[in-house]
Number of protein chains: 2
Amino acid sequence: MANIKDIAKRAGVSVTSVSRVLNNHPYVREDKREAVLQAMEEFNYQRNINAVHLSKGETLLIGVVVPFTNHPYFGLLLEGIANEAMKNNYKLVLFQTNYEEKREIEALKMLQHKQIDSLIICSRICAWEVISQFTEYGPIVLCEDARNQNVSSTFIDHYMTFTNALEYLHNKGHRKIGYCIGRRAGANSRQRGKAYADFVRRIGESNSEDYVFYECLNFEHGEEVVQRLLKMDHPPTALLVTSDFAAAGIVTSCREKGIRIPVDLAIMGFDNQPIAKIMHITTLEIPLVEMGKKLLLQAIDRESNSHQEISVKLIERETV
Amino acid sequence: MANIKDIAKRAGVSVTSVSRVLNNHPYVREDKREAVLQAMEEFNYQRNINAVHLSKGETLLIGVVVPFTNHPYFGLLLEGIANEAMKNNYKLVLFQTNYEEKREIEALKMLQHKQIDSLIICSRICAWEVISQFTEYGPIVLCEDARNQNVSSTFIDHYMTFTNALEYLHNKGHRKIGYCIGRRAGANSRQRGKAYADFVRRIGESNSEDYVFYECLNFEHGEEVVQRLLKMDHPPTALLVTSDFAAAGIVTSCREKGIRIPVDLAIMGFDNQPIAKIMHITTLEIPLVEMGKKLLLQAIDRESNSHQEISVKLIERETV
DNA sequence: TTAATTTATGAAACGCATTTCATAGCAAGA
DNA sequence: TCTTGCTATGAAATGCGTTTCATAAATTAA
């Protein structure tokens, strides 16, 4: 394969001039530029991207860390990120971690080694102390409130959101309210747990672990929730479900078991995924595609860190 | 940042020896190896991956082209690919094309420019003539029958699968059978269309466009299908739906509208996604995760092209 | 003991484009 | 006419690790 040197020789100019042509630098006389372009055509020249990367120290690649690719929440977020990446001529390197810390560290190391320019972490596992060791190597963007960290972030206030949702259910007359959530750990889960604890204390109920359902990520997990509900002596009369797909699973399972919604059980989903609309699930709209877009824009901003709070909107339908 | 030269100087050896240590080459005396390792520690040495890439001409990056990331079919396929990539120390570069040809070409160009070592195209748009121009630059792997092309492929025989499914419905007494599919174009869709055409001819029915539903990709599209069914004078009594999520949407919508399943309408899904199990949908199991794994293994095999046919399995449940 | 291997080591070439720096030519302003 | 200030151009340095090749030293085989 021809390289820049061959082109230079053929066109009768220096490699510098060829490089200028490649990078649209103005200081090249028109006839020389023509000669270079023609030589490139003739040799079917392809510039070696890895040499460019080495030379420039950047790759136009942005890493994206997600626990699972096959999950509607991350799917939509990823879609937003991917669309914006496209527009800005960046490509994405996908890291599926399955929530293994070492996978996240691998991604951070790729940032350190300049194989990617920035890193978007959609769901964090590593401790802040670990993350902060890598901030010097390039922008790191989080999808959680990270205002007191040396990174950028786009997030929603889960404490407030959860509190509002609980109040809404409370106003509808519910006193025994439970919630379904993805993983036990994680900053967002902690915020929600705190909101829940504060809420039940405020209304004078007890904070029972029975009313919390973990690992509630997807449609198929809805069935397990309903199985557990059926075994309870005093089941909750309302559930906050942090995924529309899980909510849809619960609704479907309830129908099968004869649990009437919202009479016997009120369900409030999260995200406002298309499935929520079809199944008439009351939900909190989280603009995931828009969040993805913002995450990417923060990732390509090498100048400064920023923090954006995204607000959610209640979509009232028929399950509450 | 320290480079290999600094380490060499500090350890009192040549850069060659440092490189040997980095690459676990045996010909380095133990004491020198120690010295090098210590120097690296001391300087907190990080090897510049881009220099490695330039030098070696490979990146350990594999491109994956999908039309949408936010789709359960590709989500699962991607999961299989991602898991296997992890095991083999490869990373993935994601190309979301939204079925725009130029996006696919961008991916092919990254292969040409050696920014990725191989390319997996999960759903092709480009013509074979275009693809074949890039085969010289690295392995290209397709997710469709490409046995007569200069690429590798992992595929299922859609003609046979569709025929078998139609026969199955026929044996259950159905004569008016329709089908729902994603996009109109595409090699797989054509195979299915052909299978359908041949089948209806064989059983002496007419091949009506009315019985074909396009753009049937996701849960939310099920509702549209049911809307259309309700308006038909002679609706099909059975539907082959090439996505479990779409099938689930149809089932859900039918319940709402009072269409009894399978009495009024039989539904057969595709993929055997978890949602099919929960909703007791009869479906054809396509081992997507396994397919993803095979795709990746073919992608990292630089030696030779191969073709693997994957067989599907009928999972009988309650919607037929 | 000699010949043939194997082990160990480093200089230099290689992969390739970008960028800095020095220089020359030319035009506009003083 | 003499400065300034651009425009244009190329040599050389830079980014950095891998690999080839030549050579020396240490073993093993004959």
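Throughout, protein chains are lettered first and strands after them, A, B, ... in sequence-line order, and every chain is numbered starting at 1.
An end-to-end axis angle of 30° holds for the helix from C:dT1-D:dA30 to C:dA30-D:dT1, taken from five base pairs per end and rounded to 10°.
Side-chain nitrogen and oxygen atoms of B:Asn23 include at least one within less than 4.0 Å of the OP1 or OP2 phosphate oxygen of D:dT18.
Of the possible polar contacts, one joining the B:Asp6 side chain to the B:Asn3 backbone as a donor-acceptor pair under 3.5 Å is found. The main-chain N or O of B:Arg183 is found under 3.5 Å from a side-chain atom of B:Ser189 such that the two form a donor-acceptor pair. Counting only distance, with no hydrogens or angles, the side chain of B:Gln149 and the backbone of B:Ser132 share no donor-acceptor pair below 3.5 Å.
Here A:Asp145 pairs with A:Arg147 under the salt bridge (charged side-chain N to carboxylate O under 4.0 Å, His left out) rule; sequence neighbours left out. Partners of A:His307 according to the ring pair (Phe, Tyr, Trp, His ring centres under 6.0 Å) rule, which considers only residues two or more places apart in sequence or in another chain, do not exist here.
Applying the ring pair (Phe, Tyr, Trp, His ring centres under 6.0 Å) test to every pair with at least one member in residues 111-142 of chain A, sequence neighbours left out, gives no pairs at all. Evaluation of the salt bridge (charged side-chain N to carboxylate O under 4.0 Å, His left out) test over residues 35-52 of chain B, restricted to residues two or more places apart or in two chains, returns B:Arg10-B:Glu42. Sorted by first and then second residue, the ring pair (Phe, Tyr, Trp, His ring centres under 6.0 Å) pairs with a member in residues 2-22 of chain B form an empty list; sequence neighbours excluded. Pairs passing the salt bridge (charged side-chain N to carboxylate O under 4.0 Å, His left out) check and including a residue from residues 122-144 of chain A, sequence neighbours excluded, read A:Arg124-A:Glu144.
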Which protein N or O atoms sit under 3.5 Å from an N or O of nucleotides 5-8 of chain D?
residue: D:dT7; atom: OP2; partner: A:Tyr27; partner atom: OH; Å: 2.4

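Near DNA chain C, defined here as any heavy-atom distance below 4.0 Å, the residues from residues 10-20 of chain B are B:Val13, B:Ser14, B:Thr16, B:Ser17, B:Arg20, listed numerically. Taking a 4.0 Å limit (strictly below) on heavy-atom distances, residues 44-63 of chain A reaches DNA chain D at A:Ala51, A:Leu54, A:Ser55.
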Taking distance alone, no hydrogens or angles, what donor-acceptor pairs closer than 3.5 Å link side-chain atoms of residues 57-71 of chain A to residues at least two apart or in another chain?
residue: A:Thr59; atom: OG1; partner: A:Leu61; partner atom: N; Å: 3.3
residue: A:Thr59; atom: OG1; partner: A:Gln115; partner atom: O; Å: 3.2
residue: A:Thr59; atom: OG1; partner: A:Asp117; partner atom: OD1; Å: 3.2
residue: A:Thr69; atom: OG1; partner: A:Gln96; partner atom: NE2; Å: 3.2
residue: A:His71; atom: ND1; partner: A:Tyr73; partner atom: N; Å: 3.0
residue: A:His71; atom: NE2; partner: A:Leu217; partner atom: O; Å: 3.0

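Across the protein-nucleic acid pair, B:His25 atom NE2 and D:dG17 atom P stand 18 Å apart, rounded to whole Å.
Inter-residue side-chain proximity for B:Ser118 and B:Asp301 is flagged as unmet; no heavy-atom pair is nearer than 4.5 Å. Inter-residue side-chain proximity for B:Gln308 and B:Phe155 is flagged as unmet; no heavy-atom pair is nearer than 4.5 Å. By the 4.5 Å heavy-atom criterion applied to side chains, A:Leu297 and A:Thr154 are not counted as neighbours.
Think of the region where chain B sits on DNA chain C: with heavy atoms and a 4.0 Å cut, that region ends 5' and 3' at C:dT7 to C:dC16.
Salt-bridge formation is not detected for the pair B:Glu290/B:Lys293: no Lys NZ or Arg NE/NH1/NH2 atom is positioned less than 4.0 Å from an Asp or Glu carboxylate oxygen. Look at A:Glu106 and A:Lys109 and you find no salt bridge, because none of the NZ, NE, NH1 or NH2 atoms lies under 4.0 Å from a carboxylate O.
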